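For ligands, and for the atoms within them, numbers begin at 1 and follow the listed sequence. Each residue takes its place number in the sequence, starting with 1. Owing to the predicted nature of the structure, the values given are computational and were not obtained by experimental measurement.
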Amino acid sequence: MQIQFPSSFLWGASLSSYQCEGGNFNSDWYLWEKEKKLEPAGCACNHYYLYKRDSQLARSMHLNSLRFSLEWGRIYPEKSFLQEEELAHYYEVVSTLLSCNLKPLITLHHFTNPIWFANRGGWLVSKNIDFFLAYLRKVVNALKEKVEYWLIFNEPLVYIYNSFIQGIWPPGIKSIRQARKVLGNILTAYSLGYQEIKRIYKDLPNPAQVSLAKHLRIFSPCPEFSLGLNSFSSFLREKIFNFSLLEYLRKRNCLDFLAINYYCKEYVKFNGIFGEECAHKFHWPRRNYLGWYIYPEGLYEILCKLKKFNLPIIITENGTAEDEDSLYGDYLLAHLRSLGKAVLSGIDVRGYLWWSLLDNFEWDKGFKCRFGLAEVDYNNFQRKVRPFAFTYSRICRENKLEI
Ligand code: BGC
């Protein structure tokens, strides 16, 4: 069966500043890499200097949208010092995207913070919310005529889990109490930021579409040991990690659309009420390069569960890291089949963005995991379109899917 998408459907890819720009020395991750002796982001993909070529590359693949983030620590290297040239740089980035017919979707916070912000206690301190709002106000005002889609945060629960519960990302804290504090502050920042963006766009002809990118997983009880207890933990994980935040924000009317990032399934084993991730020997069909449990039907299942929110949906990230090209192609097509099935069953999906346009810096895992539609040679920053990306490109150009 063939699905023809509306001409407004967004076919795109996503990026984030710290992972691809290079030279972000004013961000907390820069210090963290040094302290933990991790592979450094360094010049990353040199996208800061190559954004024009990368925009043309995206256009040549027939994408019509690109999601990227702004690096707060570049724009505000000090608490009250606005680096005008960096704001002008992002203005240029957005203008370039538009000139390539690529709709920009901008993320304001994608896991990194300015060093001065982190030194003042970061998201643990409620007074610091004002600094984030000052940055938000400044950049939204500067770009409002050119941008429709704003994502205030990327995956806040992933950020909080890794940075304040697991302690594997900066600031390396392991405390549920602190994590709850951060969650409260981030939710406040989000709600105030949402209102602020709406106020800034009040007199403009086109309204802003505001949301946050929410990471969603399929949680499944591990069939080994105690299935009953594992099911209980799995149910709780789904409730808390997948939907609680969206429900909270939906009730407060501060989501214009759902932006979802979906990658894989997680098996859950009982260990205290929330349980823990566990391995599953017989998972079908396979695991990816990072060991993630690939589960394309999960995208359809998640989209069905999101129906109750009664909001348009954009898939702002979906992708994989592999060591064989055919595996990227299988992943892409299987997930697009799920997307197609959801659209046929009446779910209002408005866009699909692959993570990522380029191979890039995968946080604590460094550069070895490659998610790009284009492969990056880190010796000379050459980009080479992967074979599977030509399939994606054809789908984007034809704006239709065979399922
Ligand atoms: C994050 C990206 C990350 C990707 C792959 C997403 O959840 O937003 O920053 O690179 O997953 O792990």
*Asks:* About how many Å separate OG of S211 and CG of L311, when rounded to the nearest 0.5 Å?
*Replies:* 8.0 Å

*Asks:* Is the shortest N/O to N/O distance between E155 and ligand 1 below 3.5 Å?
*Replies:* yes

*Asks:* Would you mind running through ligand 1 and noting each atom that sits below 4.0 Å from a heavy atom of E317?
*Replies:* 1 (C), 2 (C), 4 (C), 6 (C), 7 (O), 8 (O), 11 (O)

*Asks:* Please tell me whether D28 and Y18 have a donor and an acceptor in their side chains that are separated by less than 3.5 angstrom.
*Replies:* no

*Asks:* Identify, by atom number and element, the atoms of ligand 1 in contact range of H215, meaning under 4.0 Å from any of its heavy atoms.
*Replies:* 7 (O)

*Asks:* If I take atom NZ from residue K265 and atom OH from residue Y293, how far apart are they, to the nearest 0.5 angstrom?
*Replies:* 10.5 Å

*Asks:* For Y262, which part has a heavy atom under 4.0 Å from ligand 1: side chain, backbone, both, or neither?
*Replies:* neither

*Asks:* Give the atoms of ligand 1, by number and element, whose distance to some non-hydrogen atom of Q19 is under 4.0 Å.
*Replies:* 2 (C), 3 (C), 9 (O), 10 (O)

*Asks:* Side chains of Y328 and W354: is there a donor and an acceptor less than 3.5 Å apart?
*Replies:* no

*Asks:* In terms of residue, atom name and distance, what is the protein heavy atom nearest to atom 3 (C) of ligand 1?
*Replies:* E362 OE1, 3.6 Å

*Asks:* Please list, in number order, the atoms of ligand 1 under 4.0 Å from a heavy atom of H110.
*Replies:* 1 (C), 2 (C), 8 (O), 9 (O)

*Asks:* As an exercise, identify every atom of ligand 1 less than 4.0 angstrom from a heavy atom of W292.
*Replies:* 5 (C), 12 (O)

*Asks:* For the residue pair D256 / Y194, report whether a side-chain donor-acceptor contact shorter than 3.5 Å exists.
*Replies:* yes

*Asks:* What are the two closest heavy atoms between C222 and L227, and how far apart are they?
*Replies:* O-CD1, 3.7 Å

*Asks:* Tell me the nearest of F111, Y263, F371 to atom 11 (O) of ligand 1, using heavy-atom distances.
*Replies:* Y263

*Asks:* With heavy atoms under 4.0 Å as the rule, classify the contact between N154 and ligand 1 as side chain, backbone, both or neither.
*Replies:* side chain

*Asks:* Side chains of W11 and N399: donor-acceptor distance under 3.5 Å anywhere?
*Replies:* yes

